[in-house]
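What follows is a set of notes on a single structure, which appears directly below.
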Amino acid sequence: MTQHTAATPILRRIRHELAELGRAHEVMWDHLSRLDPDPSPYLHWEPTAYGWRLYGSLPPPDPADAGRETG
């Protein structure tokens, strides 16, 4: 029984530290989004506090068109 009571404060501390880490992660991404709110108009995945999110509104450029001149 003493093993369970000894582990309880450790588990509480771990839970508290993970919650703080999650909040710090959210703040970090909030600050980064203020620095560069729209880094690319092309569709791309970016990490958020809740997982990955698809950003952008244009399809990615075709690599075959990279050598071609427009005009």
Side-chain angles (χ1 to χ4, degrees):
M1 196 68 171
T2 55
Q3 290 177 347
H4 295 294
T5 57
T8 302
I10 295 170
L11 292 174
R12 281 191 193 132
R13 181 67 182 179
I14 290 172
R15 186 181 69 194
H16 176 74
E17 293 296 326
L18 288 175
E20 283 189 17
L21 180 64
R23 285 190 291 276
H25 192 245
E26 288 178 20
V27 169
M28 179 191 71
W29 282 111
D30 181 51
H31 287 233
L32 286 175
S33 68
R34 290 181 194 168
L35 293 174
D36 194 4
D38 188 17
S40 172
Y42 299 109
L43 289 171
H44 61 283
W45 291 100
E46 289 187 7
T48 67
Y50 303 104
W52 289 87
R53 181 172 172 203
L54 188 61
Y55 284 97
S57 58
L58 300 175
D62 188 2
D65 293 338
R68 226 183 273 171
E69 290 186 23
T70 58

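Note that this is a predicted model, so its numbers are computed, not measured. Start at 1 with the first residue, then count along the sequence.
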Considering non-hydrogen atoms only, spot the tightest contact between [X] and [Y] and give its length.
X: Tyr42; Y: Pro59; value: CD2-O, 3.0 Å
X: Tyr55; Y: Thr48; value: OH-CG2, 3.7 Å
X: His25; Y: Ala49; value: ND1-CA, 3.7 Å

Note to self: Against His16, only a single residue in Arg13, Glu20, Arg12 fulfils side-chain hydrogen bond (donor to acceptor under 3.5 Å, both in side chains); can you say which?
What the structure shows: Glu20

Note to self: Are Val27 and Trp29 linked, directly or through intermediate hydrophobic residues, by side-chain heavy-atom contacts shorter than 4.5 Å (ILVMFWY only)?
What the structure shows: no

Checklist line | Shared hydrophobic cluster for Leu21 and Tyr50 (ILVMFWY, side-chain gaps under 4.5 Å) | finding: no

Checklist line | Between CG on residue Leu58 and NE2 on residue His44, distance to nearest 0.5 Å | finding: 11.0 Å

